[in-house]
Amino acid sequence: MKNKIVALIGLAVLGCSYASAQEGMQPAMSEFYKPVPPVITPGGEIRGGGFTAPSDAIILFDGKNLSAWESSNGGPAEWKVKDGIFTVDKSKGDIRTKDKFESFQLHLEWRVPETIKGEGQGRGNSGVYLQGMYEIQILDNYNNPTYVNGQAGSIYKQTAPLANAMRKPGEWNVYDIIYTAPVFKEDGSYRTRPQVTIIQNGVVLQNNTTILGTTEYVGFPKVVKHGEGPILLQSHGDPSEPISFRNIWIRKM
Ligand code: MG
């Protein structure tokens, strides 16, 4: 009873100070005008797909060539470009952007062949690595169950997506990824952890989810100090027909 009275008195005091802080307020006193968000031209809609790049985006693939990319082993990116899209060449390994990034907004579109076969992780497996460190899973999960923290839109082996928003094999899937880079302490631990929001085909899969560390196939996440890093696309060794990409752009934040 005594504790309850103390708590009530505390709330009353807090309430009074909050009320007094509001006295004399005018609407304009809680409005601010600077810095002004930059005015940009939003992209146009693509039938069956996402948006074309806005005016301030860095184009990572515009349908013509892989000049923004390199092999993660060094040397040119040698995946196949044809008819405005590019397709993983599993004999050539992963590719990554030549540019490196901190926090960003990334748009990419991906598609598995209509004729794809296989199951679980062995069907249309790829992935997009943020800063070259953290894999957001790309996988054909259309009527294809697997461990949920390894399905499309998962932070691989960490956090399952909030929904399965897959389109059928043969149709394009759109990812919009909003990523906040981590800040590290001197000793290599996180001061603030990386965070990510993922939207697939207009559906939120990750809502400002905290990334715990590296996305390991075996074992738990590791905290590894790093700076700016590339966008990396995974060449996965699964035996199914390879995945294709189109319309990739990024905005630094
Ligand atoms: Mg993968």
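Every value quoted in this text rests on a predicted model; they were computed, and no experiment measured them. Both ligands and their constituent atoms are indexed starting at 1 by order of listing.
- Within a 6.0 Å sphere centred on NZ of Lys117, heavy atoms belonging to other residues, nucleotides or ligands number 12 at most.
- For the pair Gln158 (side chain) and Asn149 (backbone), a donor-acceptor distance under 3.5 Å is absent.
- Tyr156 lies apart from the Mg ion (ligand 1) in this respect, since none of its N, O or S atoms is found at a distance under 2.8 Å.
- Put simply, the side chain of Trp110 reaches to within 4.5 Å of the side chain of Gln200, judged on heavy atoms.
- Atom OG1 of Thr97 and atom CD1 of Ile250 lie 7.0 Å apart (nearest 0.5 Å).
- Among the atoms of Gln121, none of the N, O or S atoms falls under 2.8 Å from the Mg ion (ligand 1).
- Between the Mg ion (ligand 1) and the N, O or S atoms of Glu135, the shortest distance is to OE2.
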